[in-house]
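For reference, the structure is listed below as C-alpha cells.
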Amino acid sequence: MIKIWSLKQNQEAAAKKKPKTTPAQLRVQKDLTELDLPDTMKIEFPDPADVLNFNLTINPDEGQYKGGSFKFTVAINPNYPHEPPKIYHPNLDLEGNVCLNILREDWKPVLNLSSVCYGLQLLFLAPNPDDPLNKDAAEDLRRDHVQFQNNVKRAMGGGSVGGVTFDRVLIK
C-alpha cells in the first residue's frame, strides 16, 4: 500500500515539473500538422522545442519579386488563435511592419498558419497599392508600373531606391 502511494506522489511531482502545454501551443501543433507548403516556402525552428517561434522563408517563383529570398520571423503570442501571430520582415517597410489585412482587422480564430503563409506569399505576387505601409512604393506602382519593377529589381539587388539602401535578397 505504501509503495502505491509513493508511486502516485512521484507521478504527481513529475507532472508538476513538466510545463503544461498551452492552448496556443496545441493549436499551432495542429496547424503545423495540416500545413502543406509549396516548394517556394520553408519553415525552420531555431529551437525545435518552441513551436511558437519560427522562421518562414518565401522564395517567389513568379512576379516581380521572382528570384528573391524573403525571411520572416514569426512569433505567436499566447492568445493565438484569438489574436494573429506577429511577423517581422525587414523589407516590407523600414520599421519592419507587414501590411496584411488578416494580421490586423480581418483576423479570425478560424484562420490558421497556412492562411498567414499564403497571405504573405500573396504580398509578393500581387502587391496592393491601396493599403500601403511604404507609400512611396505604392505611388510608384500606381503611377509607373515599369519604374516600380525597376525599383524592385534595384532594391532586391542591394541597391538604393529613394535614398534608402536595401539588403540584397537575390538568391543568385
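In what follows, every heavy atom counts, from backbone to side chain, and hydrogens, waters and symmetry copies are set aside. For reference, positions follow the sequence shown, starting with 1.
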| field | Working for side chain to side chain contact (heavy atoms under 4.5 Å, CB included), residues Leu56 and Lys42 | value | CA-CA 6 Å; Leu56 170 68; Lys42 180 179 167 185; over 6 Å; no

Non-hydrogen side-chain atoms of Thr165 and Ser160 separated by less than 4.5 Å: yes

Problem set entry | Side chain proximity check, Lys108 to Pro81, heavy atoms < 4.5 angstrom | no

Enumerate donor-acceptor pairs with a distance under 3.5 Å from any side-chain N or O in residues 116-125 to protein atoms, sequence neighbours excluded.
unit_1 : atom_1 : unit_2 : atom_2 : d
Tyr118 : OH     : Asp36  : O      : 3.0
Gln121 : NE2    : Thr40  : OG1    : 2.7

When you group the ILVMFWY residues by side-chain heavy-atom contacts below 4.5 Å and let the links chain together, are Leu103 and Leu35 in the same group? yes

ask   = Are more than 12 heavy atoms from other residues, nucleotides or ligands located less than 6.0 Å from atom CG of Asp39?
value = no

* His145 and Asp140: side chain to side chain contact (heavy atoms under 4.5 Å, CB included), yes or no, with the steps? -> CA-CA 7 Å; His145 192 75; Asp140 283 347; over 6 Å; no

*Asn112 side chain vs Ser115 backbone, donor-acceptor pair below 3.5 Å*: yes

Single-linkage hydrophobic cluster, 4.5 Å side-chain cutoff, Val74 and Ile102 together
yes

Item to complete: Determine, step by step, whether Asn55 and Phe45 satisfy the side chain to side chain contact (heavy atoms under 4.5 Å, CB included) criterion, reporting the C-alpha distance in whole Å, the side-chain angles of both residues, the deciding distance to 0.1 Å, and the verdict.
Response: CA-CA 6 Å; Asn55 299 319; Phe45 293 89; over 6 Å; no

Are Phe70 and Leu133 joined in one hydrophobic group, where the rule is that I, L, V, M, F, W and Y side chains link up if heavy atoms are under 4.5 Å apart? no

Checklist entry - Is the closest side-chain donor-acceptor distance between Asn101 and Glu105 under 3.5 Å? => result no

Q) Taking atom types as modelled, is there a side-chain donor on Asn53 or Asp50 under 3.5 Å from an acceptor on the other? A) yes

If the threshold is 4.0 Å, N to carboxylate O, is there a salt bridge linking Lys30 and Glu34?
yes

ask   = Can a salt bridge be assigned to the pair Arg143 and Asp136 using a cut-off of 4.0 Å between side-chain N and carboxylate O?
value = no

Next item on the list: Begin from the C-alpha positions of Tyr80 and Asp31 and carry the test side chain to side chain donor-acceptor pair (under 3.5 Å) through to its verdict.
Entry: CA-CA 11 Å; Tyr80 179 80; Asp31 287 359; 2.3 Å; yes

Item to complete: Would you kindly confirm whether Val28 and Leu26 end up in one hydrophobic cluster when ILVMFWY residues are joined by side chain heavy atoms under 4.5 Å apart?
Response: no

Can a donor-acceptor pair be found, under 3.5 Å and without considering hydrogens, that links the side chain of Trp107 to the backbone of Pro85?
no

* To do: Check step by step if side chain to side chain contact (heavy atoms under 4.5 Å, CB included) holds for Phe54 and Glu44.
  => CA-CA 6 Å; Phe54 57 88; Glu44 294 177 315; over 6 Å; no

Closest non-hydrogen atoms of Lys66 and Met156, given as atom of the first, atom of the second and distance, are O-CE, 3.7 Å

